[in-house]
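Right, one structure below, let's go through it.
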Amino acid sequence: MSREDRRPYSPAQVETRWQEEWERRGTNLFSHEQLEAPHDPYYNLMMFPYPSAEGLHVGNIYAFTGADVHGRYRRLRGHTVFEPMGFDAFGIHSENFALKVGTHPMDLIPGNVANFTRQLRRIGGMFDWNHTVDTTQPDYYRWTQWIFLQLFKAGLAERKEAPVNWCPSCLTVLANEQVIGGLCERCDTPVEQRRIAQWFFQITKYAQRLLDNLDDLDWSDTTRKAQRNWIGRSLGARIRFPVLSETAGQGGSGAGTTDEERSLAVEVFTTRPDTLAGATYMVLAPEHPLVDAVTTPEQRDSVDRYRSQVGTMDLVARKKTDKAKTGVFTGGHCRNLLTGEKIPIWIADYVLMEYGTGAIMAVPGHDERDFEFAREFGLPIRRVVAGPDHSADTPLEEAYTGAGRIVNSGTFDGLDWEAAIPAVVEWLEGQSVAAGKSAGEGHVNFRLRDWCISRQRYWGPPIPIVYCDDCGPVAVPEDELPVILPRVDDFKPDDSGVSPLARVEEWYRTTCPECGGPGRRETDVSDTFLDSAWYFLRYPSAQRDDVAFHPETTRTWLPVHCYIGGNEHAVLHLLYSRFITMALHDLGHLDFEEPFTRFRAHGHITREGAKMSKSKGNVVVPDPIIEEFGADAFRIYLMFLGPYQEGGDYRDAAIQGPYSFLSRIWDSVLPVEDLRNDPLEPEVERKLHQTIRQVTEQVDQLQYNTAIAALMEYLNMLRTGGRTAGRSEVEPLVVMLAPFAPHMAEELWEALGHSESIFQVENWPAFDPEKARESSVELAIQVNGKLRGTVEVEAGSPEEVVLALARNEENVARYLEGATLRRVIFVKDRLLNFVVTA
RNA sequence: GCCGGGGUGGCGAAACGGUAGACGCAGGGGACUUAAAAUCCCCCGGGCGCAAGCCCAUGCGGGUUCGAUUCCCGCCCCCGGCACCA
């Protein structure tokens, strides 16, 4: 064919054509047969987006492209790959936006979803649009409600009044996880504490298992570490300190002991029971239930004043670690069972009600916070641990938190602190305090809190519960699901502490499913995190309306083989998903307890080193870029930017490289009549197999940037000096390109004479180590570790051969002359190093 | 403060403990062209030198090693997360 027949690379044309073609052929869509009887199934999952009004942003595209590259690669390796996409459209984010623009979310979401879908098709992901989910659709949230009911019936969902985080701006309760540094994650308003009856999932019952299973997951260490930290397991002891009666010194009877022990004890959690003798005072959280009981009449006023002061303080102020310690004496005392001493009970806001028992034994000698507090209020500080340079009475200028031996602790003196822990615990177990309880026992404490899932908002799935005066909270029967979220024009939250649904009487008024009497629906909706905690179970069964997830289909496809998403969800979303999966497993609905076999977090794209944000005006708008350079070039550019799992910095001009890379491939393959048909030259064949090896390994490991570099290198070789490429040189290149640039790969594949889609068959080129082997290698010749020359030898040459050649190198000889040879280090095919002294 | 991840040319970045800077962007020079684009070839960390070559250089300071961007110890800085968690 002549030059005039060359058509220039036109991404728009190629990409439009193949997107239509894929749709027409249903290449990405799963038929029922494929879903039921896949060949080597591979569930390739990525975190579904919240469909914002702005459309896909570069971060989304980066995440999805990286996942799609992996999925397409798996497809070329012969797997049946299931790659679904959906929309996480419930939640405060959508609702707040709807409020802002004054449009009902039910009217807003479909447009956003349509726009996202259009953009997602445009970037060439092989998403299965037959199995998509939208969390706001009744056929989805029906099953979200069903899951709630399963947990409710199993006793894992409970309603309790609890101090909750209240955002005075969003006018809603927030989960602990939605409070970032004391501020609402959505609007940065300081969060307040309120006591409201809430629905909780008892995730804490699963804390230990959620922790233990982490060891066996193929997840990155950082993600697992983040989960471990969030679960926050601490090993220690619970210790009960008897509260003393304060009739002491009141005169009167004069008989009996002055400090009568009451049938009351303050229970604390500590990780350092070995320092028990150093507990010179107690501290309760200001909201601790025992405060009233231990406060003496004289201290009543100051205690009340302090508590109300703390109560009105917002969480930011409250949780500041560097602020001065405050607190007040209750007038009450405990007995330190080990020392027998009477020690004062204080309240202070540095002790948090949410952690442990909400009370501590203060050991100022060996805890920095207690030390600071003791200094502030003149409380006694005692050394009970002595480091190597200390004696039992070396004064403490600051808290000593290091290792050492126990001192000033009676029978425990002399023990190493670690050995003292079990010794003290054992001793405590033998002592008894009020009401016949032992004085303490070993205890594991978790930082993890129960998951508060109710929201006093409109835009979420109604919690399927009916309250009845006679029967209490009753589950809505499963065959009455879904409890439809009614269309309410006034969905603005208010300060009442209840959902806008509580204003819709005709909706909440109902009958009790149990007794038929008057009932009232729960008006709270559930947390968005519940929607996303099970969507991966729904995808394969998305077309079924009889079950949440079909047992057979689920067995075939789950657990998810590979899950890719952002690190911002490395804790909450993943933890909740694991919990829901584990609970459903225990209830007999699933035969696995971990949902995601492999998880990888992608990095984030910055621009000029900064996070992209509308306020900074540095947001990359994808559509015009795709228009100009094509989705294929954009995909390659994003994947080439830096290591996928670390992210990278976006530079506008740099897309030029990937674009010309694609154009050059195009020109090398087309027109195919010009391709040479002779057998591979050995040099090219070697490079080809080295490239296959590298690209295979690296795409598998999500190391896309270097895999693309390898393809570029190979192409450069094919085109050196304006050389014409051969058919057998370019075919494997086109296949390896396919995960990154699927449209162009299809087009070229077809031009090469294939009638089936490139993704239809197991096409990935086979690697032959024999063919990748270099015949000759260049060895580095060093003298004392410094490079002084190189020699070219046959691969695998022995030391003698290299040594002889190396000595003859002029520059090497210069350094060896007059020096004494001490040693020769020889690394086959790499280097030879002469170690000499002058 | 604690837990992660980083710090390498003008820029994005590569380097099983083994020739630091692959691949790409930007820049410079050349070939082809009436011209431009595209393409192809060459140069491109710093200093010294006509050259051969030499010295310096992967945040800083030590250490291990024949040899360290890589391993160890101690710091500094940037990014992300958690944070009075007892």
Side-chain angles (χ1 to χ4, degrees), chain A residues 8-9 180-182 220-223 225-226 228-230 232 234 236 268-272 275 283 318-323 325 348-352 354-363 366-370 372-373 445-448 567-568 570-571 603-604 606 608-611 636-637 640-643 645-658 660-661 663-664 667 703 705-713 715-716 719-723 778-790 810-811 814 822-827 829-836:
Chain A
Y9 173 44
I180 310 296
S220 65
D221 288 340
T222 55
T223 308
K225 189 112 188 189
R228 285 196 189 98
N229 289 345
W230 192 264
S234 309
V268 304
F269 173 74
T270 176
T271 53
R272 295 293 304 273
T275 62
V283 187
R318 169 98 194 253
K319 293 215 163 182
K320 245 192 163 137
T321 46
D322 53 356
K323 86 177 185 334
K325 297 271 181 296
D349 68 349
Y350 82 94
V351 173
L352 308 173
E354 312 93 75
Y355 185 78
T357 62
I360 62 157
M361 66 175 203
V363 184
H366 305 285
D367 180 281
E368 283 162 22
R369 295 151 303 179
D370 297 344
E372 200 190 318
F373 190 81
N445 196 65
F446 291 97
R447 197 191 87 114
L448 184 69
N567 239 329
E568 66 276 16
V571 177
H604 287 279
T606 55
E608 276 104 50
K611 247 185 185 165
I636 291 190
Y637 173 57
F640 186 59
L641 206 59
Q645 293 175 68
E646 286 169 35
D649 199 52
Y650 190 93
R651 305 270 148 165
D652 298 303
I655 193 170
Q656 193 53 240
S660 65
F661 168 61
S663 305
R664 285 160 11 110
D667 291 344
Q703 290 159 7
N705 57 332
T706 46
I708 292 167
L711 292 174
M712 288 173 167
E713 241 180 284
L715 178 70
N716 288 346
R719 291 173 63 89
T720 304
R723 176 181 176 280
E778 195 187 45
L779 269 82
I781 308 302
Q782 301 181 333
V783 179
N784 286 342
K786 278 187 191 285
L787 183 72
R788 297 303 176 192
T790 59
E810 196 189 325
N811 198 42
R814 207 143 49 91
R822 298 290 177 194
R823 243 177 110 178
V824 173
I825 307 284
F826 176 69
V827 182
D829 292 345
R830 293 231 73 121
L831 62 65
L832 187 130
N833 185 13
F834 293 98
V835 185
V836 300

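We use all heavy atoms of the structure for the numbers below, so side chains are in, but hydrogens, waters and symmetry mates are not.
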So, does [X] get its side chain near the phosphate of [N], meaning an N or O under 4.0 Å from OP1 or OP2?
{"X": "K786(A)", "N": "C56(B)", "answer": "yes"}
{"X": "S234(A)", "N": "A86(B)", "answer": "yes"}
{"X": "R228(A)", "N": "C82(B)", "answer": "no"}
{"X": "N811(A)", "N": "C54(B)", "answer": "yes"}
{"X": "N705(A)", "N": "A14(B)", "answer": "yes"}

For atom [atom1] of [X] and atom [atom2] of [N], their distance in whole Å:
{"X": "R723(A)", "N": "U39(B)", "atom1": "CZ", "atom2": "C1'", "value": "16 Å"}
{"X": "L779(A)", "N": "G67(B)", "atom1": "CG", "atom2": "C1'", "value": "15 Å"}
{"X": "R664(A)", "N": "G24(B)", "atom1": "CZ", "atom2": "C1'", "value": "11 Å"}
{"X": "Q703(A)", "N": "A13(B)", "atom1": "CD", "atom2": "C1'", "value": "14 Å"}
{"X": "F446(A)", "N": "A86(B)", "atom1": "CZ", "atom2": "P", "value": "13 Å"}
{"X": "K225(A)", "N": "C2(B)", "atom1": "NZ", "atom2": "P", "value": "13 Å"}
{"X": "N567(A)", "N": "G6(B)", "atom1": "CG", "atom2": "P", "value": "12 Å"}
{"X": "E372(A)", "N": "A86(B)", "atom1": "CD", "atom2": "P", "value": "17 Å"}

What I'd like to find out is whether the side chain of [X] reaches to under 4.5 Å of the side chain of [Y], using heavy atoms alone.
{"X": "Y355(A)", "Y": "I360(A)", "result": "no"}
{"X": "R814(A)", "Y": "R788(A)", "result": "no"}
{"X": "M361(A)", "Y": "D370(A)", "result": "no"}

What's the separation between atom [atom1] in [X] and atom [atom2] in [Y], rounded to the nearest 0.5 Å?
{"X": "I781(A)", "Y": "L787(A)", "atom1": "CD1", "atom2": "CG", "result": "8.5 Å"}
{"X": "N784(A)", "Y": "R822(A)", "atom1": "CG", "atom2": "CZ", "result": "11.0 Å"}
{"X": "N229(A)", "Y": "L448(A)", "atom1": "CG", "atom2": "CG", "result": "12.5 Å"}
{"X": "I655(A)", "Y": "L641(A)", "atom1": "CD1", "atom2": "CG", "result": "10.5 Å"}

Which nucleotide in the list [options] gets nearest to the side chain of [X]?
{"X": "R823(A)", "options": "C25(B), C82(B), C66(B)", "result": "C66(B)"}
{"X": "E713(A)", "options": "U39(B), C84(B), A22(B)", "result": "A22(B)"}
{"X": "K325(A)", "options": "G18(B), C84(B), C56(B)", "result": "C84(B)"}
{"X": "S660(A)", "options": "U39(B), A22(B), A83(B)", "result": "U39(B)"}
{"X": "T790(A)", "options": "U19(B), G67(B), G53(B)", "result": "U19(B)"}
{"X": "R830(A)", "options": "U19(B), A26(B), G6(B)", "result": "U19(B)"}
{"X": "E646(A)", "options": "A86(B), G6(B), G24(B)", "result": "G6(B)"}
{"X": "N833(A)", "options": "A14(B), G67(B), G24(B)", "result": "G67(B)"}
{"X": "T222(A)", "options": "G53(B), A86(B), G5(B)", "result": "G5(B)"}
{"X": "R719(A)", "options": "U39(B), C82(B), C11(B)", "result": "U39(B)"}

Return the 5'-most residue of the pair A359(A), G642(A) with respect to RNA chain B, ranking by each residue's nearest nucleotide. G642(A)
If you find the nucleotide of RNA chain B closest to M712(A) and the one closest to L787(A), which residue's nucleotide is nearer the 5' end? L787(A)
Classify the nucleic acid contact of [X] as base, sugar-phosphate or nothing, counting any heavy atom under 4.0 Å across all strands shown.
{"X": "G232(A)", "value": "nothing"}
{"X": "E778(A)", "value": "base"}
{"X": "L641(A)", "value": "sugar-phosphate"}
{"X": "G356(A)", "value": "nothing"}
{"X": "N716(A)", "value": "sugar-phosphate"}

Between [N] and [M], how many Å separate the two [atom1] atoms, rounded to a whole number?
{"N": "C50(B)", "M": "G6(B)", "atom1": "C1'", "value": "44 Å"}
{"N": "G9(B)", "M": "G4(B)", "atom1": "P", "value": "26 Å"}
{"N": "A13(B)", "M": "U8(B)", "atom1": "P", "value": "9 Å"}
{"N": "C16(B)", "M": "U70(B)", "atom1": "P", "value": "13 Å"}
{"N": "G67(B)", "M": "C44(B)", "atom1": "C1'", "value": "29 Å"}
{"N": "G30(B)", "M": "C78(B)", "atom1": "P", "value": "45 Å"}
{"N": "C77(B)", "M": "C60(B)", "atom1": "C1'", "value": "10 Å"}
{"N": "U69(B)", "M": "G21(B)", "atom1": "P", "value": "12 Å"}

Pair partner, [N] [Watson-Crick or wobble, under 3.5 Å]:
{"N": "C75(B)", "result": "G59(B)"}
{"N": "G18(B)", "result": "C66(B)"}
{"N": "C40(B)", "result": "G30(B)"}
{"N": "C25(B)", "result": "G10(B)"}
{"N": "G80(B)", "result": "C3(B)"}

Apply the syn/anti split at 90° from 0 to G9(B) and say which one it is.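 Syn, since the glycosidic angle lies within 90° of 0.
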Are K325(A) and F373(A) in a cation-pi setup, meaning NZ or CZ lies under 6.0 angstrom from the ring centre and within 45 degrees of the ring axis? no
Can you tell me if R664(A) uses its side chain to pair, donor with acceptor, with the backbone of L715(A) under 3.5 Å?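 Not a single qualifying donor-acceptor pair exists.
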Examine the base of U19(B) for any acceptor or donor lying under 3.5 Å from a partner atom in the side chain of Q782(A), and report the outcome as yes or no.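 Donor-acceptor pair under 3.5 Å: no.
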